[in-house]
Protein chains: 2
Amino acid sequence: MASDTDTLPRRTVSPDLTASRPASRYEQVKHYITERIASGEWGVGSRLPSENELVETLGVSRMTVHRALRELMGEGIVTRAQGVGTFVARPAPRAEVLELRDIADDIQAGGGRHRSRVVLLETIRADGHLALAFDQRPGVKLFHSVLIHYEDDTPLQIEERFVSPHFAPDYLDQDFATTHPHRYLFQISPPHEVEHVIFAVTPEADQQALLELDGPEACLQLVRRTWVDGRVVMRGVFTYPGSRYSFGGRRQT
Amino acid sequence: MASDTDTLPRRTVSPDLTASRPASRYEQVKHYITERIASGEWGVGSRLPSENELVETLGVSRMTVHRALRELMGEGIVTRAQGVGTFVARPAPRAEVLELRDIADDIQAGGGRHRSRVVLLETIRADGHLALAFDQRPGVKLFHSVLIHYEDDTPLQIEERFVSPHFAPDYLDQDFATTHPHRYLFQISPPHEVEHVIFAVTPEADQQALLELDGPEACLQLVRRTWVDGRVVMRGVFTYPGSRYSFGGRRQT
DNA sequence: ACTCTAGGTAAGTCTATACAACCCCATCAA
DNA sequence: TTGATGGGGTTGTATAGACTTACCTAGAGT
């Protein structure tokens, strides 16, 4: 067990390709720790070796270990309590609140496999409520798409979008098996303004079926409107099973 | 000009209200620097005294000065270049997204009349899950409070909080009929860091009763953790009926 | 059951010292 | 004019050691 990988060499020859100069000791210590956390060897909430134990294991001074651990705490990787020890912190929630991201990136960031299915792709005429959301008059033409996003074959999101034809005239001709609506719209133009509203809803029967839910489970619903040049170009309704998803965010004040 | 304010005293009396214990040396050095930047004495882009000059001026070791400057660089206050020096950084604008507000202000801003009721106020010992949220070990003592907030006699929020006794030793002695937990905690110290996670849940029977719901309506649940000095001081679980509340925000990009 | 206290443990801080890495600039030679 | 060299100043890293502060546990006493 006491192999040479347990102790950092005093001098690093380091034919490392990713870093031209050899990483400093405290960075090596950080790497040593994050590697074990990422591999699951040190699980969430478990206690890390004490500073003095790491000093013995790695053959560096306590100040060096201390700096590595202090920086890891600043990054939210571990938490520390004087007189108690150092612990693996709980990983951050997967979706940033009010941030504009592609769910495919979200899923892949969490280690899952993403797949999507197009349920509907059509042109509709807006009723009063929908027209109001677009600051238009009832009867205006809008494109309408419905997709399901899966994480490892489990439905994670119903994505329903209404898109202004003036903004994306070729929306219906896209192959959303390869390009996702989010990326397509973003590529035409990043929005100048975004509005998010989050609801809790009990899904309708058809939504339950699409999400493959057993019963009327509570769902998160994120309604997003985006503006370009002062005009609403998209309204999206994203529905997630409450048991499979959450929004979160962490920031310094 | 060479008054005693140029040298940090060995022991600080520090009648500071936000921190009962005297600030550590490196924090005093940070304060010394930020004060001069804030006052405009050291303008944007100007060069700070070198580490060795600060050592002479302030009477602390270079490692202490170095730590202060390194942390200020991490906070974006200064920039540093090896072999060159330390400079005042350009202040970066920051966008508030999901802000920290008191629900009483929320209700009154909407024209409603706010009222609250204390349901529970006690000391508990944390189980595994709760201890993890506080980055502590199971069995640690925590204060626990449950309040209901009403808007015109309609329940709008269940407010459940767990508070670290070390942060707010007198939490249980407060009269939350007049001072709300949010305000009390904020007055002790505004958090340095905040985490929000939003869930959709189906409420338990007791929660349904507290919210005076007719059936198992989907609810929004906002879980907030706040940090002070890198340590979790509060975990709040706020439950809203889905039909009566939503979270939202709009911003320019 | 509860409170108090003492001891052990672990992180937090501070110092003095040393060396390394880097930048700038003055000097000097081709 | 150009290029090389080297010195001085500045930040970056690393160490050993000492002391401080906070937390927890176990045991004694109530």
Side-chain angles (χ1 to χ4, degrees), chain A residues 7-12 14 19-30 33 47-74 78-87, chain B residues 7-12 14 19-30 33 47-74 78-87 123 125-126 131 134-142 164-167 169 228-233:
Chain A
T7 307
L8 302 177
R10 283 275 152 178
R11 282 276 160 255
T12 312
S14 167
S20 56
R21 60 166 178 273
S24 50
R25 297 273 178 86
Y26 76 92
E27 282 172 331
Q28 293 179 48
V29 174
K30 285 174 72 175
I33 293 167
R47 183 173 166 180
L48 272 65
S50 74
E51 294 188 356
N52 281 321
E53 285 169 343
L54 288 170
V55 164
E56 292 216 348
T57 306
L58 302 176
V60 298
S61 80
R62 194 185 143 223
M63 287 298 292
T64 303
V65 170
H66 181 73
R67 176 168 178 186
L69 289 171
R70 198 175 60 217
E71 292 198 359
L72 288 176
M73 185 173 72
V78 303
T79 58
R80 322 192 68 194
Q82 196 171 359
V84 184
T86 304
F87 303 87
Chain B
T7 307
L8 301 178
R10 286 276 151 176
R11 280 278 159 250
T12 311
S14 166
S20 54
R21 61 169 179 273
S24 51
R25 295 270 177 89
Y26 76 91
E27 281 172 331
Q28 294 179 47
V29 175
K30 286 174 70 174
I33 294 167
R47 182 172 168 179
L48 271 64
S50 73
E51 294 188 356
N52 279 322
E53 286 169 343
L54 287 170
V55 164
E56 292 217 349
T57 307
L58 302 177
V60 299
S61 81
R62 196 189 140 220
M63 288 300 292
T64 303
V65 170
H66 181 74
R67 175 168 179 186
L69 289 170
R70 197 174 61 216
E71 294 199 357
L72 288 176
M73 185 173 68
V78 303
T79 56
R80 321 194 70 198
Q82 193 171 11
V84 184
T86 306
F87 304 86
T123 304
R125 286 195 175 269
F134 274 81
D135 298 320
Q136 301 281 342
R137 301 170 74 164
V140 68
K141 273 190 194 172
L142 293 173
S164 166
H166 305 100
F167 175 68
V228 170
D229 288 335
R231 314 165 80 129
V232 179
V233 298

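Letters go in sequence order (proteins before strands), and every chain restarts at 1. Quick note: numbers below take in every heavy atom, side chains included, and nothing from hydrogens, waters or symmetry partners. Everything numeric in this text was worked out from a predicted model, so none of it was measured.
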Note to self: Between E27(B) and S24(B) (side chain of the first, backbone of the second, donor and acceptor by atom type, cut-off under 3.5 Å), is there such a pair?
What the structure shows: yes
Check: Between T64(A) and dT15(D), does any side-chain N or O lie under 4.0 Å from OP1 or OP2?
Finding: yes
Checklist line | All side-chain contact (heavy atoms from CB on, under 4.5 Å) counterparts of S50(B), not counting sequence neighbours | finding: N52(B), E53(B)
Next item on the list: Calculate the interatomic distance between F87(B) atom CZ and dC23(C) atom C1'; express it in whole Å.
Entry: 11 Å
Note to self: My understanding is that only residues two or more places apart in sequence, or in another chain, count here; which of them pass salt bridge (Lys or Arg N to Asp or Glu O under 4.0 Å) with R70(B)?
What the structure shows: none
Item checked: For R62(A), side chain to side chain donor-acceptor pair (under 3.5 Å) partners two or more places apart -> E51(A)
Check: What's the CD-C1' distance between E71(B) and dG12(D), to the nearest Å?
Finding: 16 Å
Checklist line | Distance in angstrom units between R25(A) CZ and dA16(D) P, rounded | finding: 10 Å
Taking only N/O atoms, report every protein-nucleotides 8-12 of chain C pair under 3.5 Å with atom names and distance.
| residue | atom | partner | partner atom | Å |
| --- | --- | --- | --- | --- |
| dA10(C) | OP1 | R47(A) | NH2 | 3.4 |
| dA10(C) | N3 | G83(A) | N | 3.4 |
| dA11(C) | OP1 | T86(A) | OG1 | 3.2 |
| dA11(C) | OP2 | E51(A) | N | 2.9 |
| dA11(C) | N3 | Q82(A) | NE2 | 3.4 |
| dG12(C) | OP2 | R80(A) | NH1 | 2.6 |
| dG12(C) | N7 | R62(A) | NH2 | 2.7 |
| dG12(C) | O6 | R62(A) | NH1 | 3.1 |

Checklist line | Contacts of type side-chain contact (heavy atoms from CB on, under 4.5 Å), residue M73(B), not counting sequence neighbours | finding: V78(B), R80(B)
Next item on the list: Please name all residues satisfying side chain to side chain donor-acceptor pair (under 3.5 Å) with T79(B), sequence neighbours left out, ordered by chain then number.
Entry: none
Notebook entry, point to check: Atom CG of L58(A) and atom C1' of dT15(D): how far apart are they, to the nearest Å?
Noted result: 15 Å
Check: Once you round it to whole Å, what is the distance between C1' of dA1(C) and CZ of R125(B)?
Finding: 13 Å
Check: Atom CE of M63(A) to atom P of dT13(D): distance rounded to whole Å?
Finding: 13 Å
Check: Toward the 5' end of DNA chain C, which comes first, S61(B) or K141(B), by nearest nucleotide?
Finding: K141(B)
Check: Rounded to the nearest Å, what distance is computed from the NZ atom of residue K30(A) to the C1' atom of nucleotide dA14(D)?
Finding: 16 Å
